[in-house]
**Student:** 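Below: one structure in structure tokens.
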Amino acid sequence: GQNIDQPTEMTATEGAIVQINCTYQTSGFNGLFWYQQHAGEAPTFLSYNVLDGLEEKGRFSSFLSRSKGYSYLLLKELQMKDSASYLCAVRDQRSNAGNMLTFGGGTRLMVKP
Amino acid sequence: DVKVTQSSRYLVKRTGEKVFLECVQDMDHENMFWYRQDPGLGLRLIYFSYDVKMKEKGDIPEGYSVSREKKERFSLILESASTNQTSMYLCASIPSGRPPREQFFGPGTRLTVL
């Protein structure tokens with residue numbers, strides 16, 4: 001089966017750096033996504049990793065280690081608007097469609113002044 | 001701009017009622033998905049469709065059915081709503097083909113079943 005774990009909540013200070021971890025156990029791994037979701041809104045895409053290593057996109061970076069079943073999202077120079085839930089999702093091959101995602105429970109990040 | 005819309009943002013229904021949640025996308029995507037989102041449980045896949053009239057069960061299909069008569073529209077049906085179906089329902093779509101693309105989500109429908 002699929003199992004994705006991430007911390008429930010984290011708190012960080014404005015201007016700081018925070019790392020949100022995600023571990024997974026899935027069959028037929030085919031990529032890992034990070035989404036941001038503000039309260040009451042739809043998730044929005046942040047990053048995608050399919051090969052090992054770091055993907056950088058502005059203040060946000062995402063890392064993947066397939067052998068360890070591990071990813072993290074790194075947020076630099078935190079801003080108050082970064083307060084949101086961050087969802088880790090793994091793309092697997094549970095069907096012929098090949099586009100199914102399994103989501104973790106999400107990490108609620110609170111940025112304080 | 002990519003657009004996924006859902007028929008209602010908030011819905012209140014009574015136990016036993018038949019409920020229709022509608023999702024429309026204007027991007028000509030082949031794949032469409034219905035999730036529910038509950039605190040601590042994240043997003044869980046109910047059903048998805050990879051083409052018109054084609055559907056597959058997700059992780060929690062019990063108590064739900066779906067309809068995909070046109071490419072742009074994917075409907076989620078609760079045949080007889082129950083209180084444990086009170087949740088946030090999110091629709092998403094994605095095109096087929098490679099490289100894999102992220103799913104685009106609608107704004108969500110918060111359903112309360114009394």
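Values below: all heavy atoms of this structure, side chains included; hydrogens, waters and symmetry mates excluded. Everything quoted here is computed from the prediction, not taken from an experiment. In the text below, chain A, chain B and the rest are named by the order of the sequence lines, each starting its count at 1.
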**Student:** When rounded to the nearest 0.5 angstrom, what is the spacing between CZ in Phe104(B) and CZ in Phe45(A)?
**Tutor:** 8.5 Å
**Student:** Quick check on Leu41(B) against chain A: is it the side chain, the backbone, both or neither that has a heavy atom closer than 4.5 Å?
**Tutor:** backbone
**Student:** Evaluate whether atom CZ of Arg59(A) has more than 12 neighbouring non-hydrogen atoms of other residues, nucleotides or ligands under 6.0 angstrom away.
**Tutor:** yes
**Student:** Heavy-atom distances under 4.5 Å only: say whether Arg110(B) touches chain A with side chain, backbone, both or neither.
**Tutor:** neither
**Student:** For residues Ala42(A) and Gly106(B), report the shortest heavy-atom separation together with the two atoms involved.
**Tutor:** CB-O, 2.8 Å
**Student:** Is there a path of hydrophobic side-chain contacts, each under 4.5 Å between heavy atoms of I, L, V, M, F, W or Y residues, that connects Leu75(A) with Trp34(A)?
**Tutor:** yes
**Student:** Which atoms of Glu30(B) come close to chain A, meaning under 4.5 Å heavy atom to heavy atom: side chain ones, backbone ones, both, or neither?
**Tutor:** neither
**Student:** Looking at residues at least two apart in the chain, or sitting in another chain, which of them share a side-chain contact (heavy atoms from CB on, under 4.5 Å) with Val52(B)?
**Tutor:** Lys71(B)
**Student:** Indicate if Leu114(B) and Leu111(B) have the same hydrophobic cluster label, given that clusters are the connected sets of ILVMFWY residues with side-chain heavy-atom separations under 4.5 angstrom.
**Tutor:** no
**Student:** Report the distance from atom OH of Tyr35(B) to atom CZ of Phe103(A), rounding to the nearest 0.5 Å.
**Tutor:** 4.5 Å
**Student:** Flag yes if more than 12 heavy atoms outside Gln19(A) fall under 6.0 Å of its CD atom; otherwise flag no.
**Tutor:** yes
**Student:** As an exercise, state the distance from CG of Leu101(A) to CG of Leu45(B), rounded to the nearest 0.5 Å.
**Tutor:** 8.5 Å
**Student:** Could you give the distance from CD (Gln103(B)) to CZ (Phe33(A)), rounded to the nearest 0.5 Å?
**Tutor:** 7.5 Å
**Student:** Same hydrophobic cluster for Met10(A) and Met80(A), using side-chain heavy-atom links shorter than 4.5 Å among ILVMFWY?
**Tutor:** yes
**Student:** Is it true that Met88(B) and Val12(B) fall in one hydrophobic cluster, defined by side-chain heavy atoms closer than 4.5 Å?
**Tutor:** no
**Student:** Looking at Gln37(A), Gln6(A), Arg108(A), which makes the most heavy-atom pairs under 4.5 Å with chain B?
**Tutor:** Gln37(A)
